[in-house]
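Computation of the quantities below employed the complete heavy-atom set of this structure, encompassing side-chain atoms and omitting hydrogens, waters and symmetry-equivalent molecules. Throughout, residue positions are numbered sequentially from 1 according to the sequence presented.
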Amino acid sequence: MSSIAFIGLGHMGGPMAANLVKAGHAVRGFDLSAASLDLARENGVATVASIGEAVSGADLVITMLPAGTHVLSVWQDLVATVPSGTLLIDCSTIDMASARKAHALAEAHGCPALDAPVSGGTGGASAGTLTFMLGGDAGVFAGAKPVFEAMGRKIIHCGGASAGQAAKICNNMILGISMIAVGEAFVLGERLGLSHQALFDVASVSSGQCWSLTTYCPVPGPVPTSPANHDYEPGFAAALMLKDLKLSQAAAEDTGTVTPLGAGAAALYQRFADAGAGAKDFSAIITMLRDGPAAG
């Protein structure tokens with residue numbers, strides 16, 4: 001059993017902290033939201049009033065925060081507070097530059113660190129079936145693996161510092177592009193007189209098969225658990241997909257990489273969010289694609 005400080009108890013962090021408690025770890029949590037603290041407390045997390053209280057005596061610290069600026073601000077406080085040797089883990093999805101700076105902060109203060117963004121959405125966070133993509137020292141990864149296994153199903157070491165963030169950014173660029181492709185195919189199928197089920201039955205066992213189709217189908221019916229059956233209540237909000245696509249484009253620009261489909265997907269999700277749909281699930285972008293040329 002480890003003593004764990006968990007900073008950031010929102011829609012993802014709260015369930016992740018709860019699963020650590022279920023696995024027998026002692027978890028002290030902090031969040032700026034009173035509602036998040038209340039829910040975490042109901043799930044067995046010992047909630048506290050400050051980051052300092054959360055990290056006191058902790059073997060390791062996990063952060064799950066909205067953006068790189070938040071991570072760096074919190075980690076600057078952490079390295080000034082925790083003893084050297086304390087493991088620092090960031091599960092946020094942030095820009096590459098911030099991820100590298102976080103690792104540098106930890107290294108300068110003698111703290112091992114891992115970047116460990118996740119895939120699987122709020123459903124995976126609650127069920128403990130997340131995929132973790134980790135960047136950092138292989139030995140540190142090996143020692144921390146049991147902690148991740150309490151929160152996820154697949155734990156993948158991707159390489160050195162910030163490699164986890166790199167994998168997450170690339171993966172979600174694929175996801176954003178593929179959801180648009182699946183949505184376009186269903187819209188075209190509708191106008192050609194195909195039923196949703198017929199297209200699904202063909203594409204799901206043919207060369208068009210992909211996760212966006214078989215697990216997260218953007219039309220009601222073929223995949224009963226997909227958000228399309230629940231008015232696109234978000235498992236992964238369109239605003240978060242836009243955030244990740246922007247991260248991919250920033251990384252592409254920094255590395256001189258040409259990603260025309262990634263850029264196109266980012267532009268479409270920006271238009272979708274600007275139309276007020278950012279709180280919908282990202283698969284709801286099919287509703288905009290049905291509008292035709294105005295969406296292009």
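Not one N or O on the side chain of Asp201 forms a donor-acceptor pair closer than 3.5 Å with the backbone of Ala198. In this structure a side-chain-to-backbone donor-acceptor pair under 3.5 Å is present from Gln165 to Ser92. Panel note: side chain Ser73, backbone His70; no donor-acceptor pair is recorded below 3.5 Å. A donor-acceptor pair under 3.5 Å links the side-chain atoms of Asp95 to the main chain of Ser98, judged by distance alone. With hydrogens and angles ignored, the 3.5 Å screen pairs a side-chain donor or acceptor of Tyr232 with a backbone N or O of Pro218. Between the side chain of His25 and the backbone N or O of Leu20, no donor-acceptor pair lies under 3.5 Å. Judged by distance alone, with hydrogens and angles left aside, the side-chain atoms of Asp115 form a donor-acceptor pair with the main-chain N or O of Gly164 at under 3.5 Å. Checked by atom type and distance alone, the side chain of Asp244 never pairs as donor or acceptor with a backbone atom of Thr93 at under 3.5 Å. The closest donor-acceptor contact from the side chain of Thr287 to the backbone of Ala284 lies under 3.5 Å. Judged by distance alone, the side chain of Asp281 and the main-chain N or O of Pro234 form no donor-acceptor pair under 3.5 Å.
Residues Thr257 and Thr255 bring a donor and an acceptor atom of their side chains to less than 3.5 Å of each other. Side-chain contact of Gln249 with Thr259: a donor-acceptor pair under 3.5 Å is present, judged by distance alone.
By the criterion of side-chain heavy atoms lying less than 4.5 angstrom apart, applied directly or through intervening Ile, Leu, Val, Met, Phe, Trp or Tyr residues, Met12 is grouped together with Val21 in one hydrophobic cluster. In the hydrophobic clustering of this structure, Ile51 does not group with Phe6; members are Ile, Leu, Val, Met, Phe, Trp, Tyr whose side-chain heavy atoms approach within less than 4.5 Å, directly or through other members. Tracing side-chain contacts under 4.5 Å through hydrophobic residues (I, L, V, M, F, W, Y), one never reaches Leu88 starting from Leu114; they form parts of separate clusters. Ile286 and Val202 are assigned to two separate hydrophobic clusters, defined by single-linkage of ILVMFWY side chains at heavy-atom distances under 4.5 Å.
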Test log, rule side-chain contact (heavy atoms from CB on, under 4.5 Å), inputs Thr86 and Asp59: CA-CA 6 Å; Thr86 304; Asp59 301 314; over 6 Å; no
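Ion pairing between Lys280 and Asp231 holds under the 4.0 Å rule for side-chain N and carboxylate O. The residues Arg271 and Asp274 are annotated as not salt-bridged, no charged nitrogen and carboxylate oxygen being separated by less than 4.0 angstrom.
Taking CD1 of Ile94 as the reference point, atom OG of Ser162 lies at 9.5 Å (rounded to 0.5 Å). Distance check: Phe200 CZ to Leu194 CG gives 14.5 Å after rounding to the nearest 0.5 Å.
Across all their heavy atoms, Val182 and Ser212 have their closest contact at CG2-CB, 4.0 Å. When all heavy atoms of Ile177 and Gly262 are compared, the closest pair comes out as CD1-N, 3.6 Å. Closest approach of Ser248 to Ile169, counting heavy atoms only: CA-CG2, 3.3 Å. Taking every heavy atom of both residues into account, Phe148 and Ala116 meet most closely at CE2-CB, 3.7 Å.
Looking at heavy atoms from C-beta onward, Leu9 lies in side-chain contact with Leu37 at the 4.5 angstrom threshold. Taking the side chain as every heavy atom from C-beta outward, Leu105 and Lys101 never approach each other to under 4.5 Å.
In Glu253, the CD atom is not crowded: 12 or fewer heavy atoms of neighbouring residues, nucleotides or ligands sit closer than 6.0 Å. Within 6.0 Å of the CD atom in Glu233, the count of heavy atoms belonging to other residues, nucleotides or ligands does not exceed 12. Counted within 6.0 Å of CZ on Arg41, heavy atoms from surrounding residues, nucleotides or ligands total more than 12; the atom is thus considered enclosed. For Glu107, the CD atom sits in a loose shell: 12 or fewer heavy atoms of surrounding residues, nucleotides or ligands are nearer than 6.0 Å.
Between Phe236 and Phe282, the angle of the ring planes goes over 60°, which puts this pair in the perpendicular group of the 30/60° scheme.
Residues meeting the ring pair (Phe, Tyr, Trp, His ring centres under 6.0 Å) test with Phe186, sequence neighbours left out: His196.
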Give every donor-acceptor pair under 3.5 Å between a side-chain atom in residues 74-84 and any protein atom, sequence neighbours left out.
unit_1 : atom_1 : unit_2 : atom_2 : d
Trp75  : NE1    : Thr63  : OG1    : 3.1
Thr81  : OG1    : Asp77  : O      : 2.7

Result block: side-chain N/O donor-acceptor pairs under 3.5 angstrom for residues 121-144, not counting sequence neighbours:
unit_1 : atom_1 : unit_2 : atom_2 : d
Ser126 : OG     : Thr122 : O      : 3.2
Asp137 : OD2    : Gly139 : N      : 2.8
Asp137 : OD2    : Val140 : N      : 3.0

